[in-house]
**Student:** 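For reference, the structure I am asking about is given below.
Heads up: numbering here begins at 1 and tracks the sequence.
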Amino acid sequence: MSSSNGAVAPSAFPPPVDPVGEFVKRELDSEDERIEVGVAIVGGGTAGLATANRLLQLLGDDPETMERLGEVPVAVIEKAKTCGGHNLSGAVMRPGPLQELFGDMTREQWREQGFAFGEVTKEAVYMTPTSKIALRIPPPPPFKNHGNEVVSVSALARFQQQQAEEGGAYILTETSATQLLVTDGKVQGVRTGDKGRGKDGQPLGNFEPGTDVTAQATVLAEGCWGHLTGAAIREFDLGENREPQVWELGVKEVWKVPKPLDRLIHTIGPWPLKLSPKYGQIGGTWIYPMKNEKTGEDLVSIGFVVDLEYADATTSAHDLLQLFKLHPLVRKILEGGERVAWGAKALPGGGYWSMPKLTMPGALMVGDSGGMVDTVALKGVHHCIKSGILAADAIYAQLKRGGSDFSSYEQAVEDSSIGKELYEVRNTRQPFQKGFVWGGPIVNAMIATKGKFPGGRWGWHRNDDKPMFIGDTKDKYPKPDGKYTFDKLSSVYITGNATRDDAPNHIRVQKEIPREVAETWVWMCPAGVYEIPEDAPEHGNVDLIVNYTNCVQCGAITAKGGRLTPPEGGDGPLYTQT
Ligand SMILES: Cc1cc2nc3c(=O)[nH]c(=O)nc-3n(C[C@H](O)[C@H](O)[C@H](O)COP(=O)(O)OP(=O)(O)OC[C@H]3O[C@@H](n4cnc5c(N)ncnc54)[C@H](O)[C@@H]3O)c2cc1C
Ligand code: SF4
């Protein structure tokens with residue numbers, strides 16, 4: 001199983017976890033011990049908060065139904081210190097759904113609120129064949145962004161939280177939802193996690209047990225890899241006849257720059273990735289201008305996204321971003337500036353065929369939980385907001401008449417801009433599994449014909465089934481200078497990561513594993529969580545060290561053979577500008 005460079009798939013070493021057994025609770029606490037709410041929304045990101053925002057708009061005009069939902073009509077359960085704390089995106093957003101959600105706000109007002117940074121009027125797409133050359137090409141259709149808005153989803157979530165609170169929502173921050181409550185084949189709400197446990201799970205002096213939060217409707221808005229979403233998919237068989245979900249990982253930095261960037265930039269490689277299909281590397285970069293109208297600062301969002309389908313264990317999105325910054329195209333934008341933020345996050349890349357069934361008795365899914373991202377265009381924010389609007393409409397219509405059948409939401413998504421846009425790109429990413437050179441022309445044909453040619457249903461294989469080998473991608477990574485290029489730990493530091501040193505380990509992985517799997521996790525993890533002991537043998541199994549308190553909860557480990565579970569509420573990064 002474990003010879004060096006023997007190409008080992010991480011899925012051969014599955015995490016010690018039983019999602020349905022551990023994460024579904026089948027008996028409710030007594031009525032006086034639990035909290036009853038009208039609608040429980042798990043996840044205070046863009047999608048969950050859009051659901052809350054819309055619901056409260058509807059309930060605001062209907063005091064009778066509001067009253068019927070009890071003292072807490074809408075509760076949002078968010079594990080970060082504040083909404084926005086764990087949210088990260090590029091982010092250039094299609095504006096329609098946000099305009100629909102807050103119909104009386106202008107885009108100028110978005111910018112005054114500090115979550116939007118200007119309309120895209122100029123853009124450029126480059127091929128980067130080498131570390132020195134950038135060839136400008138006409139923007140392929142998925143890269144056309146004219147009229148879109150550059151935003152920060154972290155700042156947007158804070159704004160949405162404030163709106164939701166003004167509308168009467170109860171926002172439970174620093175609270176992880178750790179179990180799905182299921183009785184009689186129906187989701188009844190969620191259980192929140194305990195707080196104040198020590199390294200070995202023992203209760204400390206400040207121990208507070210979790211609580212059952214029961215609800216008439218539960219919304220799973222957990223983002224890219226949902227802890228309860230995964231349990232729900234298994235419990236209700238929501239992935240039947242769908243393709244497996246696959247993921248990408250993005251690392252982002254925000255820079256204060258000396259002179260404003262006047263255009264949106266994408267590069268499509270192949271540099272700094274390898275062209276040979278043996279490496280399985282597909283990815284790209286973005287550079288977006290962010291003019292902060294509140295502070296007057298000229299900021300730039302820059303990031304590198306890599307498909308987690310790669311085979312070279314030494315692929316590291318963080319180090320590839322550092323390498324990319326050395327390209328003259330980037331240097332002339334960033335040099336003389338200062339890095340002000342860093343973060344990392346995975347996103348679901350399977351698209352239309354990988355979307356699970358979105359509804360189950362008592363609950364539904366919105367945004368990335370439901371896999372609603374077009375990864376060719378790298379766009380999901382507008383789908384998150386639209387799905388929140390549609391979910392709120394479906395829930396409100398049922399609760400108003402005392403019902404709990406939310407299945408109309410499924411068709412509403414299919415018929416909306418979400419279903420239409422994702423269907424058009426249903427086959428567009430999969431051909432890249434054949435490599436950039438072979439897959440590229442098929443991708444172009446799929447884009448030109450909106451998935452009709454060569455047509456069919458293109459499948460995915462799971463990212464953790466990819467056999468990994470120890471390659472040489474790492475040989476190109478720059479040595480961080482601490483000013484322009486950075487290591488992982490100093491990057492985690494600026495996220496404000498606040499995980500207690502004596503918190504229990506929330507990362508489930510096998511620790512006695514072949515070197516190929518260990519190296520995969522060491523290089524992949526943007527936060528430097530995994531370490532191979534210096535005296536570990538070159539061949540055979542190694543004893544992995546897991547520095548879990550560094551984790552920024554990007555979710556990538558779940559795609560590549562391990563399992564992220566929610567740590568104690570309040571732990572993890574505190575993003576503000578990502
Ligand atoms: C690197 C990168 C670049 C991107 N670029 C773009 C772009 O330019 N344009 C675009 O439109 N889209 C882009 N996307 C996609 C877009 O960012 C996502 O589709 C969108 O932000 C997802 O929003 P969400 O609310 O569904 O999930 P999230 O933003 O992930 O929010 C989920 C929230 O739920 C919380 N949570 C999760 N589980 C629990 C739990 N069990 N208990 C309590 N809280 C929980 C999390 O802390 C988080 O706050 C990008 C994504 C990435 C990763
Ligand atoms: S340990 Fe945390 S930061 Fe590292 S890959 Fe896993 S989820 Fe991401």
Side-chain angles (χ1 to χ4, degrees), residues 7-15 17-20 23 220 222-250 277 280-283 305-311 315 345-360 365 367-376 380 383 410 413-414 418-419 422-423 425-435 439 442-443 446 451 456-468 508-509 517 520-521 524 554-565:
V8 187
S11 60
F13 301 87
V17 67
D18 167 12
V20 168
F23 308 142
L220 297 176
E222 294 180 290
C224 64
W225 209 95
H227 173 70
L228 300 183
T229 307
I233 289 173
R234 285 187 172 81
E235 171 79 6
F236 296 99
D237 213 4
L238 306 175
E240 198 189 3
N241 296 327
R242 319 281 160 134
E243 292 299 321
Q245 188 55 273
V246 293
W247 283 271
E248 301 181 5
L249 173 61
Q281 293 174 336
I282 293 291
V305 181
V306 66
D307 199 327
L308 290 174
E309 175 65 12
Y310 59 76
T315 309
K345 197 153 183 296
L347 64 152
Y352 188 82
W353 302 123
S354 300
M355 282 170 66
K357 185 168 182 290
L358 298 170
T359 59
M360 65 213 92
M365 292 173 200
D368 281 17
S369 263
M372 298 177 203
V373 183
D374 166 2
T375 45
V376 185
H383 291 326
E410 200 89 45
V413 170
E414 182 72 34
I418 307 171
L422 292 181
Y423 186 72
V425 294
R426 65 197 176 282
N427 288 329
T428 310
R429 292 272 293 125
Q430 295 87 325
F432 275 137
Q433 291 177 122
K434 294 177 183 294
I442 311 176
V443 167
M446 291 288 197
R457 167 172 160 170
W458 283 60
W460 293 105
H461 28 86
R462 293 170 53 103
N463 296 142
D464 56 2
D465 279 344
K466 186 85 169 186
M468 305 303 296
R508 304 274 191 95
V509 285
V517 177
T520 302
W521 295 343
M524 174 186 72
C554 77
I557 191 65
T558 302
K560 219 66 182 163
R563 180 72 144 81
L564 168 69
T565 67

**Student:** Of the non-hydrogen atoms in Pro15 and Gly561, which two are nearest, and what is the gap between them?
**Tutor:**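 Looking at all heavy atoms of both residues, the closest pair is CD-O, 3.4 Å.
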
**Student:** According to side-chain hydrogen bond (donor to acceptor under 3.5 Å, both in side chains), who are the partners of Gln281, at least two apart in sequence or on a separate chain?
**Tutor:**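 Testing Gln281 for side-chain hydrogen bond (donor to acceptor under 3.5 Å, both in side chains), a comparison that skips the adjacent residues, returns Thr315, Thr473.
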
**Student:** Can you check whether Val305 reaches Thr375 side chain to side chain, under 4.5 Å on heavy atoms?
**Tutor:**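 Side chain of Val305 against side chain of Thr375, heavy atoms only: no contact under 4.5 Å found.
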
**Student:** Please tabulate, for the side chains in residues 234-241, all donor-acceptor contacts under 3.5 angstrom to protein atoms that are two or more places apart in sequence or on a different chain.
**Tutor:**
| residue | atom | partner | partner atom | Å |
| --- | --- | --- | --- | --- |
| Glu235 | OE1 | Arg26 | NH2 | 2.8 |
| Glu235 | OE2 | Arg26 | NH1 | 2.9 |

**Student:** The criterion is ring-ring contact (aromatic ring centres under 6.0 Å, His included); which residues satisfy it with Phe23, sequence neighbours excluded?
**Tutor:** His227

**Student:** Using side chain to side chain contact (heavy atoms under 4.5 Å, CB included) as the criterion, list what pairs up with Thr428, not counting sequence neighbours.
**Tutor:**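 Per chain and number, Thr428 pairs via side chain to side chain contact (heavy atoms under 4.5 Å, CB included) with Val376, Val425, Val443, Met446, Ile447.
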
**Student:** Identify, with sequence neighbours excluded, every residue that meets side-chain hydrogen bond (donor to acceptor under 3.5 Å, both in side chains) alongside Trp460.
**Tutor:**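 Expected list: none.
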
**Student:** I'd like to check the side chain to side chain contact (heavy atoms under 4.5 Å, CB included) partners of Ala556; sequence neighbours left out, ordered by chain and number.
**Tutor:**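 Only Leu249, Leu308, Met524, Cys554 meet the side chain to side chain contact (heavy atoms under 4.5 Å, CB included) criterion with Ala556.
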
**Student:** Closest approach of Val246 and His461, non-hydrogen atoms and distance?
**Tutor:** CG1-O, 3.5 Å

**Student:** What distance do Asp18 atom CG and Arg563 atom CZ have between them, rounded to the nearest 0.5 Å?
**Tutor:** 10.0 Å

**Student:** Could you tell me whether the side chain of Ser354 and the main chain of Pro244 form a donor-acceptor pair under 3.5 Å?
**Tutor:**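 It does hold such a pair.
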
**Student:** What residues form a side-chain hydrogen bond (donor to acceptor under 3.5 Å, both in side chains) with Ser369, not counting sequence neighbours?
**Tutor:**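 Per chain and number, Ser369 pairs via side-chain hydrogen bond (donor to acceptor under 3.5 Å, both in side chains) with Thr229.
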
**Student:** Where the side chain of Gln433 meets the backbone of Arg429, is there a donor-acceptor pair that is under 3.5 Å apart?
**Tutor:** no

**Student:** Looking at Ala311 and Pro467, what are the two nearest heavy atoms and their distance?
**Tutor:**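 Shortest heavy-atom contact: CB-O, 3.7 Å.
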
**Student:** Using salt bridge (charged side-chain N to carboxylate O under 4.0 Å, His left out) as the criterion, list what pairs up with Lys466, not counting sequence neighbours.
**Tutor:** Glu309

**Student:** So, Asp307 side chain and Ile282 main chain: donor-acceptor pair closer than 3.5 Å or not?
**Tutor:** no

**Student:** Specify the closest pair of heavy atoms between Gly451 and Asn427, including all atoms of both residues, with the distance to one decimal.
**Tutor:**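 In this case the closest contact between Gly451 and Asn427 is O-ND2, 3.3 Å.
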
**Student:** Run the side chain to side chain contact (heavy atoms under 4.5 Å, CB included) test against Thr359 and tell me which residues pass, sequence neighbours left out.
**Tutor:** Lys357, Leu364, Ser407, Tyr409, Glu410

**Student:** Applying side-chain hydrogen bond (donor to acceptor under 3.5 Å, both in side chains), can you list everything that pairs with Tyr352, at least two apart in sequence or on another chain?
**Tutor:**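 For Tyr352, the residues satisfying side-chain hydrogen bond (donor to acceptor under 3.5 Å, both in side chains) (neighbours in sequence not counted) are Glu414.
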
**Student:** If I compare all heavy atoms of Trp458 with all of Gln430, which pair ends up nearest, and what's the gap?
**Tutor:** O-NE2, 3.0 Å

**Student:** Can you check whether Met365 reaches Met360 side chain to side chain, under 4.5 Å on heavy atoms?
**Tutor:**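 With C-beta onward as the side chain, the pair touches.
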
**Student:** Where do Gly555 and Ala346 come nearest, in terms of heavy atoms and distance?
**Tutor:** C-CB, 4.3 Å

**Student:** Lys560 and side-chain contact (heavy atoms from CB on, under 4.5 Å): which partner among Thr520, Val517, Val509?
**Tutor:**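 Answer to the side-chain contact (heavy atoms from CB on, under 4.5 Å) test with Lys560 among Thr520, Val517, Val509: Thr520.
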
**Student:** How long is the straight-line distance from CD of Gln245 back to SG of Cys224, given to the nearest 0.5 Å?
**Tutor:**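 Output value for this atom pair is 10.0 Å.
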
**Student:** Mind telling me whether Trp225 and Trp247 have parallel, tilted or perpendicular rings, with 30° and 60° as the class edges?
**Tutor:** tilted

**Student:** The criterion is salt bridge (charged side-chain N to carboxylate O under 4.0 Å, His left out); which residues satisfy it with Arg242, sequence neighbours excluded?
**Tutor:**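 Testing Arg242 for salt bridge (charged side-chain N to carboxylate O under 4.0 Å, His left out), a comparison that skips the adjacent residues, returns none.
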
**Student:** Find the distance between OG1 (Thr565) and CZ (Arg508) and round it off to the nearest 0.5 Å.
**Tutor:** 5.5 Å

**Student:** For Asp464, give me all partners under side chain to side chain contact (heavy atoms under 4.5 Å, CB included), at least two apart in sequence or on another chain.
**Tutor:**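 With sequence neighbours excluded, Asp464 shows a side chain to side chain contact (heavy atoms under 4.5 Å, CB included) to Pro10, Ser11, Arg462, given in chain and number order.
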
**Student:** Just by distance, do the side chain of Asp368 and the backbone of Val373 share a donor-acceptor pair under 3.5 Å?
**Tutor:**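 Between the backbone of Val373 and the side chain of Asp368 there is no qualifying donor-acceptor contact (under 3.5 Å).
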
